[in-house]
2 protein chains.
Amino acid sequence: MLLLALGSLAVRNISEIPQSDFGRGGLSHITIAGAVLHGMKEVEIWLQTFAPGSRTPIHRHSCEEVFVVLKGKGTLMLASSSHKYPGTPQVFQLYSNSTFSIHVNDPHQVLNTDEYEDLQMLVVISRPPVKVFIYEDWSMPHTAARLKFPYYWDQECLHEPKDEL
Amino acid sequence: MLLLALGSLAVRNISEIPQSDFGRGGLSHITIAGAVLHGMKEVEIWLQTFAPGSRTPIHRHSCEEVFVVLKGKGTLMLASSSHKYPGTPQVFQLYSNSTFSIHVNDPHQVLNTDEYEDLQMLVVISRPPVKVFIYEDWSMPHTAARLKFPYYWDQECLHEPKDEL
Ligand SMILES: [Zn+2]
Ligand SMILES: [Zn+2]
């Protein structure tokens with residue numbers, strides 16, 4: 001029993017954790033420590049790499065999120081949750097060895113705006129697994145944003161096995 | 001008001017965040033995103049570098065903790081909270097690009113056991129600011145572990161200014 005419990009805590013090699021784009025072109029996502037995969041209850045950590053030109057959707061989630069930029073350059077678009085819709089976002093430049101935090105429910109988007117270089121980031125969220133509300137554009141009302149849950153990287157582990165008919 | 005609120009979210013250069021050993025020889029600690037410094041409520045992230053031979057105390061805390069090893073080699077000593085005292089810890093080897101998670105209240109210690117190289121890690125905790133219970137050794141009862149709060153890196157910001165008499 002004790003050995004089994006400790007087994008889930010063992011040191012893991014990040015290079016051996018499977019990565020996938022989960023259907024989003026230009027993305028490489030690795031869950032370093034997650035709710036669905038590793039039983040985390042309060043924090044979750046991802047390693048994400050965005051190819052030039054790729055981006056997250058415009059989205060919000062009711063958790064804190066912190067980004068640590070390991071490599072590359074990019075852009076953060078950040079709006080507020082205090083009006084009926086996000087509105088014109090503030091624009092911030094991202095660079096290697098920079099960090100930024102997203103407050104609970106603030107709509108945001110992260111883009112690799114560089115022409116050549118990958119953008120690699122460690123992403124930390126609270127309250128896993130993440131529940132993402134997606135906006136089509138910055139003028140969509142908060143109430144119209146579409147819930148995507150489970151999110152792509154939590155889906156494969158949560159879905160029921162299908163019967164082969 | 002909106003601009004002020006967004007100011008606290010601005011992108012920060014990690015190289016420009018002050019580091020200190022906070023009185024612990026061989027440590028370099030940087031709070032990348034913290035409760036006391038940056039108003040985080042659910043997660044906190046540190047960048048810590050341990051010189052050869054340096055270590056954390058044996059300790060526990062009632063939060064989740066995830067380590068991502070960026071550079072170097074080290075050792076994790078990990079015990080359980082299910083007996084009266086930690087007892088002989090399990091020993092795990094740490095290496096660059098490895099990760100491990102500490103469950104709530106499990107006593108643990110991280111050591112740079114390499115002779116030459118620094119051990120550098122990103123550390124993520126939930127429920128900030130951290131409340132640390134320190135053990136003198138692995139046979140000290142959990143109830144005797146001494147609470148250190150605020151912890152060293154939160155102390156400078158929390159303490160009251162002293163009157164000069
Ligand atoms: Zn997000
Ligand atoms: Zn700890």
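Below, chains carry the letters A, B, ... as their sequence lines are ordered, and counting in each starts from 1.
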N13(B) versus N97(A), closest heavy-atom pair with distance: OD1-O, 3.6 Å
Shortest non-hydrogen separation from S126(B) to V43(A) and the atoms involved: CB-CG1, 3.8 Å
Against chain B, label [X] side chain, backbone, both or neither, depending on which of its atoms sit under 4.5 Å from a heavy atom there.
X: Q93(A); result: backbone
X: F67(A); result: neither
X: V68(A); result: side chain
X: V124(A); result: side chain

Residues from residues 15-34 of chain B approaching chain A under 4.5 Å (heavy atoms): S15(B), I32(B), A33(B)
Hydrophobic clustering (ILVMFWY, side-chain heavy atoms < 4.5 Å, transitive) - are [Y] and [X] grouped together?
X: L76(B); Y: I125(B); result: yes
X: L111(A); Y: V123(A); result: no
X: F100(A); Y: L78(A); result: yes
X: Y95(A); Y: F92(A); result: yes
X: F50(A); Y: L70(A); result: no

Side-chain donor-acceptor distances from residues 129-137 of chain A under 3.5 Å, at least two apart:
from    : atom 1 : to      : atom 2 : distance (Å)
K131(A) : NZ     : P129(A) : O      : 2.8
Y135(A) : OH     : R60(A)  : NH1    : 2.7
Y135(A) : OH     : H142(A) : ND1    : 2.7
D137(A) : OD1    : S139(A) : N      : 2.9
D137(A) : OD1    : S139(A) : OG     : 2.8
D137(A) : OD1    : M140(A) : N      : 3.1

Interface residue of largest heavy-atom contact number with chain A, from I45(B), L47(B), V69(B), under 4.5 Å: I45(B)
K41(A) and E64(B) ion-paired at < 4.0 Å: no
Contact leader toward chain B among R127(A), M40(A), E42(A), where contacts are heavy-atom pairs under 4.5 Å: E42(A)
